[in-house]
Amino acid sequence: MTLALAASSLALAFTAGCREKIEAGVLVNVQMESVTIQVSQLRLRGYPEGEVAGGLEVTRELPGAVVFGQTENLFILVPNAWIGRTVWLAADGLHQGVVNAHGRTSVVPEKNGIVEATLLLVAGPPPCGNGFIDGPEQCDGTNLGGQTCEYLTGMQQGGLGCVDCRLDSSACHDCGNGDIEIGPEECDGENLAGQTCYSQGFSTGDLVCGDDCLLDRSGCAQGCGNGVIEAGEACDGLDLDHLECLDFGFLRGPLRCTSDCELDDSQCAGGCGDGVLDAGEGCDSTDVGIQTCLTAAGRLEGVLDCTATCHLDVSGCHTCGDGVIEASEECDGSSLAGQTCQSQGFDVGGLTCATDCTFDLGDCTLVTCGNGFIDGLEQCDGTDLGGETCQTQGLGNGTLVCDASCVLDTSGCGVVTVGCGNGFVAATEECDDGNLTAGDGCDPTCQMEPGYRCYDDPSTCVVDLAVLFVDCSVACGGAGTLADPLCSIQDAVDAAFFGDLIWLLPSTCTEKVTVDAADVIIAGDGSALWVGPFCPTLTVVDRQVLLWRVHVSEGVEVHGAGSSLTVRASELGPGVDSCEAVQCYDSAHCELERNHIHDNLEGGVWVIDASFRIVNNLIVDNGTPGTSFRGGLSLSSAGYSPTTLVNNTIANNMGKSGTFIAGVRCVSPITIFNNIIWMNDDPDVSSGCDPWYNNLGNSAWDGLQGNISSPPLFVDEPGGDYHILANSPCVDTGDPSGIPPAPSGDLDGEVRPVGTGVDMGADEAS
């Protein structure tokens, strides 16, 4: 075996001055070519200039067998006196062709296994990076000398590092001890080092510390007002998603973004639909320019209209008397379109055409009036009133009759009965069917007669045999009778047929109920408490449900085209879960009348894309300050009708200040009458509402459209009594048109009006 050895430059290290003394050292670089050596020792001999033998000698013991195929470094300490001397490098222990040595380039073994090279010692530091811990080094590369985080620092996580041959404990830590170790930990447990979602660049949310002691930002979120459009936002600040007024059919004006991140085109103008006749339009709304039925269609009469696309609509134009039936004409001259007295619902006579091109029925007569059945154009016949009442005629209580000519006679309507018999179930009454007749289920003192159950205003009474009874305090398995009731409302709903009455006996029912199979009526005397395990307690899907005198604490909802939920004389709240008392959406219809809606954490009533009738309700103390999106009511009809908000008291509701209206928020245009909307935690009404004859905390409406802005003078507002005093400014100051739009009774079932006019709010002061 031939191995070559050449002289290497060896570095000698020493220190001077005030620093700690470091032994001199020699760095030996070894390049071996696929040679396995049994390393035992490397010997340096230092001789003075000219001296051949007897010099100083340093021997370095070397560890185990090493395979060399690359450069390896070895550091050997020598006395300081060797600085500047010439030394010889000797590798000892040659046997069986194996060299025990370190040396640079190649090594040539001699017969005695001693190889010598002339080396010059120079000053230099110990060689950090050779993988061996030499001299003052604490470590070298991955060689940590057996040290660990736990041994060195007492911390059990992380790993030691080696930087410039010094141990680096910056990555050592104990996640979970509550202390933030600088380096690997951003936080520890509840200790967030003062960081929040806001300091991390978010708008809202909760910042927490993960199990790895790194900040967990998953609970943080941006929000409306940060200038960036996010899910659920149409715009944000100045970011309008590249939209402008032109994109909505307008010609000019600025498109804006509202405070709740919805697009506002109220400042846009021009274009079809703005009521201004622009170039290229045949008309716009009611503006048809100089055009008439004569100039546009050659017709003498009628109404020239404008289509939604701003084109002239001549379908309403006609010439009465030309013998041609046009537009709104029923007939013209002798042309009757094939119609006769008989086709118009009469028995005999001759049909003619009047000078205004409408049918003249003067010669048509009925011979069936008095047969007890409604025939032809008869409004009624004898006792058959076709289901009509004084109330359906909009005239309050009283007696509706049919006269001798089969026309409804309303002269007996409008006679209001005070107390029992007025058709409103007051607090001390079990029923009120609008009369004082015995034997019809509701006796003359407005108490339910034995064997009957009565519900609604005015009361409808049915025999007990047609009722499913529920008592949630009994064992399950009952038959649903009064003597053997069912144990849950859902069981009764599942067993009910269309229109069945479910009666809640005094008990507490803790369940979530869904009505999706049949229309039902759920009623009681108000003493049963219905608590859902979470909200909403009742869900109505594509069905019609009436709640009467029930107490629901966790909210109700209705959705689906053709579905409706009517809640009367009931209590909704208080709720412990974050939900509204009533949710009505997805083309449904909800009716709320004479209810006490209070202390629901997310808000009172939320209607979106649905129709509604909300009358005579006390809606107070709903919402959570700073967090809930709906305080009192949030209403969006999206074109559905009716949209009725009349004679309610809406007070002390709370919401997310500056973002959502805490009183009444009208997302779509809604006209509201006769309400008290007072002391809610933000503007009492939003810009979408059109208020008439209300008492509003928003003084901007004071004196406009019959609105006032004065303290309503409640009897005991802190104590929860929202009746109004006799000297309240709300007395007799409601809509002077009277009933309707005002209902004929108030929250307590007392008749209105009492004085010279209708009062504002749910209570008619007595």
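- For the residue pair D748/H723, the side-chain donor-acceptor check at 3.5 Å is satisfied.
- Here the side chain of D702 pairs a donor or acceptor atom with the backbone of S709 at under 3.5 angstrom.
- Note that the CG atom of D577 and the SG atom of C579 stand 6.0 Å from one another [nearest 0.5 Å].
- Considering only heavy atoms from C-beta on, V685 comes within 4.5 Å of L696 through its side chain.
- Between W692 and D690, the side chains place a donor N or O and an acceptor N or O closer than 3.5 Å (distance only, hydrogens not considered).
- Scanning both residues, M760 and N675, for their nearest heavy atoms gives CB-O, 4.4 Å.
- Judged purely by atom type and a 3.5 angstrom limit, D247 uses its side chain to pair as donor or acceptor with the backbone of E244.
- If you check the side chains of S737 and D735, you find a donor sitting under 3.5 Å from an acceptor.
- For the residue pair S587/Y640, the side-chain donor-acceptor check at 3.5 Å is satisfied.
- T514 and D516 form no side-chain donor-acceptor contact under 3.5 Å, judged by distance and modelled atom types alone.
- Between D457 and R568 there is no salt bridge, since no side-chain nitrogen of the basic residue lies less than 4.0 Å from a carboxylate oxygen of the acidic one.
- Contact record, L240 with G237: CD2-O, 4.1 Å, taken as the closest heavy-atom pair.
- For the atom pair CG (D763) and CG (D746), the distance works out to 5.5 Å, reported to the nearest 0.5 Å.
- Side-chain atoms of E281 and H311 form no donor-acceptor pair, as typed in the model, at a separation below 3.5 Å.
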Q: Would you sort out whether N652 and E717 count as a side chain to side chain contact (heavy atoms under 4.5 Å, CB included), showing the intermediate values?
A: CA-CA 9 Å; N652 291 319; E717 181 178 352; 2.8 Å; yes
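- In terms of heavy atoms, C268 sits closest to P254 at SG-O, 3.9 Å.
- Using modelled atom types, no side-chain atom of T644 and backbone atom of R613 make a donor-acceptor pair closer than 3.5 Å.
- With hydrogens and angles disregarded, no donor-acceptor distance shorter than 3.5 Å links the side chain of N616 to the backbone of T649.
- With hydrogens and angles ignored, the 3.5 Å screen pairs a side-chain donor or acceptor of E764 with a backbone N or O of D759.
- With 3.5 Å as the limit, one finds a donor-acceptor pair spanning the side chains of T309 and T307.
- With hydrogens and angles ignored, the 3.5 Å screen pairs a side-chain donor or acceptor of S728 with a backbone N or O of P712.
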**Q.** Stepwise side chain to side chain contact (heavy atoms under 4.5 Å, CB included) check, L243 with L263
**A.** CA-CA 9 Å; L243 297 173; L263 289 170; 3.7 Å; yes
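- Interatomic distance, I489 CD1 to L504 CG, rounded to the nearest 0.5 Å: 5.0 Å.
- Side chains of S637 and S668: a donor-acceptor N/O pair is present below 3.5 angstrom, by distance only.
- Between atom OG1 of residue T733 and atom CG of residue N695 there is a gap of 7.5 Å, rounded to the nearest 0.5 Å.
- No more than 12 heavy atoms of other residues, nucleotides or ligands lie within 6.0 Å of CZ in F497, so this atom counts as exposed by the packing criterion.
- Across the pair C283 and C310, the gap between the SG atoms, which is the quantity tested here, reaches or exceeds 2.5 Å.
- From D305, atom CG reaches atom CG of L312 across 9.5 Å, with rounding to the nearest 0.5 Å.
- SG atoms of C261 and C224 are separated by less than 2.5 angstrom, consistent with a disulfide link.
- In this structure, the side chain of K512 engages the main chain of P536 through a donor-acceptor pair within 3.5 Å.
- Side-chain N or O atoms of N694 include none that pairs as donor or acceptor with a backbone N or O of N707 at under 3.5 Å.
- The aromatic rings of F714 and Y722 sit perpendicular to each other, their planes meeting at more than 60°, with 30° as the lower class boundary.
- The number of heavy-atom neighbours closer than 6.0 Å to CG of D241, taken from other residues, nucleotides and ligands shown, is above 12.
- Side chain of D721 to main chain of G719: no donor-acceptor pair is present (N/O by atom type, distance under 3.5 Å, no hydrogens or angles).
- Between the side chain of N647 and the backbone N or O of G761, at least one donor-acceptor pair lies under 3.5 Å.
- The side-chain heavy atoms of F673 and L645, taken from C-beta on, include no pair separated by under 4.5 Å.
- In plain terms, the two heavy atoms of V520 and A496 that are nearest each other are CG1-CB, 3.7 Å.
- Cys pair C689/C666: SG-SG separation is below 2.5 Å.
- Applying side chain to side chain contact (heavy atoms under 4.5 Å, CB included) to L538 and the options V552, L565, V582 leaves one that passes, L565.
- A salt bridge links D260 with R665: the distance from a Lys NZ or Arg NE/NH1/NH2 to an Asp or Glu carboxylate oxygen falls below 4.0 Å.
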